[in-house]
There are 2 protein chains.
Amino acid sequence: MQGGSDYKEILKKEGLKSTKHRNAILGIMEEGDEPLTAEAVFLKLKDMNTSISLSTVYRILETLVSKGVIIKSSVTCENKAVFEMNRMEHKHHLVCTGCKRMVSVEGCPFEEYEKKLKGLRGFDITGHKLEIYGVCPDCKR
Amino acid sequence: MQGGSDYKEILKKEGLKSTKHRNAILGIMEEGDEPLTAEAVFLKLKDMNTSISLSTVYRILETLVSKGVIIKSSVTCENKAVFEMNRMEHKHHLVCTGCKRMVSVEGCPFEEYEKKLKGLRGFDITGHKLEIYGVCPDCKR
DNA sequence: AATTTAATTGATAATTATTATCAATTAAAT
DNA sequence: ATTTAATTGATAATAATTATCAATTAAATT
């Protein structure tokens, strides 16, 4: 979980070279339980004294999204994307309406309903996303 | 539903002047059943030979959102906002993963579950949003 | 109805998030 | 150690949105 190239295997499997930056970003994504913006990842790297270009952060995140290693999503009404590790579990988000912080929640009350929807308006249903809004403890003051 | 200033009452109630542009935009929002981007609204107005500045479209939409007359949301992974009339009903969206078109759906399987979540991680739950993904008939070819 | 006043608009510049470009660098295959 | 193709940094470009400010217009007041 910390150190140099812990993600060599994952990267090799995806046909990607194991680089300092990719390993560092995967480390950040792995330990965090909140989805992060590209800029937040960039700042975390800076805090760790890892020099990197913001464009490289975007590029690495996008590459990992295209490989399915990382999931990209967005908060409604915020015009920026957030990224988190794809832990291969069906998940949803809890979003603070104050600070827009996103927290992951497990469980899904929706599977049954989705089956009922099959064929709705001629769509082939492939999945869903549930965002639950609320005010986080910090924003409650 | 068509014509000049059908929304004078709504606008007055919100302390907004009744202008040609605001009425035209409310008309477009009222008749559409799909959420629209600011640009789509702009183009619809153009088709109707209503000369308007794109910045005015954004401004009017934002003003109406702040009054709660219009709802702003966004499709995951698309970095632009969409707007639709606030019909004061609890609603969700069906999004085509091909063309990103959004269609509104009624009904919500979630009310029970939300109650269970009360207090989750110290959040005060205030609402939720459900996006159902699929492939629309057009994108199925 | 004419005048006043404050809100609204258009045109444009500025900003923010993201993506593209391309030469320099680096990982890993040989 | 050398080669080769992938990766990176720096920067420019783009796309969506927001800010600015002078000109225009709605509606309140006379």
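Convention: sequence-line order gives letters A, B, ...; per-chain numbering from 1.
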Undergrad: When the distance from CZ of A/F42 to C1' of C/dA17 is rounded to whole Å, what number comes out?
TA: 14 Å
Undergrad: Would you say B/H93 and B/E84 are linked by a side-chain donor-acceptor pair, where the criterion is simply a distance under 3.5 Å?
TA: yes
Undergrad: Tell me the closest heavy-atom pair linking A/M29 and A/F83, and the distance in Å.
TA: CE-O, 3.0 Å
Undergrad: Under 3.5 Å, side chain of A/N86 to main-chain N/O of A/G68, donor-acceptor pair present?
TA: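 Present.
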Undergrad: Detail all sub-3.5 Å separations between protein N/O atoms and N/O atoms belonging to nucleotides 27-30 of chain C.
TA:
from, atom 1, to, atom 2, distance (Å)
C/dA27, N3, A/K17, NZ, 3.3
C/dA28, OP1, A/S18, N, 3.0

Undergrad: Look at the side chain of A/T63 and the backbone N and O of A/R59, then say whether any donor-acceptor pair between them is shorter than 3.5 Å.
TA: yes
Undergrad: Okay, side chain of B/N79, backbone of A/N79: is any donor-acceptor separation there less than 3.5 Å?
TA: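 Such a contact is absent between B/N79 side chain and A/N79 backbone.
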Undergrad: Quickly work out the B/L11 CG to D/dT25 P distance and round it to whole Å.
TA: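 Interatomic distance, CG of B/L11 to P of D/dT25: 18 Å.
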Undergrad: Counting only Watson-Crick or G-U wobble pairs whose two distances fall under 3.5 Å, which nucleotide matches D/dT17?
TA: C/dA14
Undergrad: For each nucleotide in nucleotides 9-22 of chain D, reading 5' to 3', give B when a protein heavy atom comes within less than 4.0 Å of its base, S when such contact involves only the sugar-phosphate, and - otherwise.
TA: BBB----SBBBB--
Undergrad: Test your reading of the model: is there a side-chain donor-acceptor pair from A/R22 to the backbone of A/K17, 3.5 Å cut-off?
TA: yes
Undergrad: Would you compute the distance between atom CD1 of B/I70 and atom CG of B/L64 and round it to the nearest 0.5 angstrom?
TA: 4.5 Å
Undergrad: Rounded to whole Å, how long is the line connecting atom NZ of A/K67 with atom P of D/dA6?
TA: 11 Å
Undergrad: Please name the residue in the list B/I28, B/V82, B/L43 that meets the side chain to side chain contact (heavy atoms under 4.5 Å, CB included) test with B/L36.
TA: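 Only one option passes, and that is B/I28.
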Undergrad: Paired with D/dT8: which nucleotide, if any, by Watson-Crick or G-U wobble criteria at under 3.5 Å for both distances?
TA: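 Across any shown strand, D/dT8 pairs with C/dA23.
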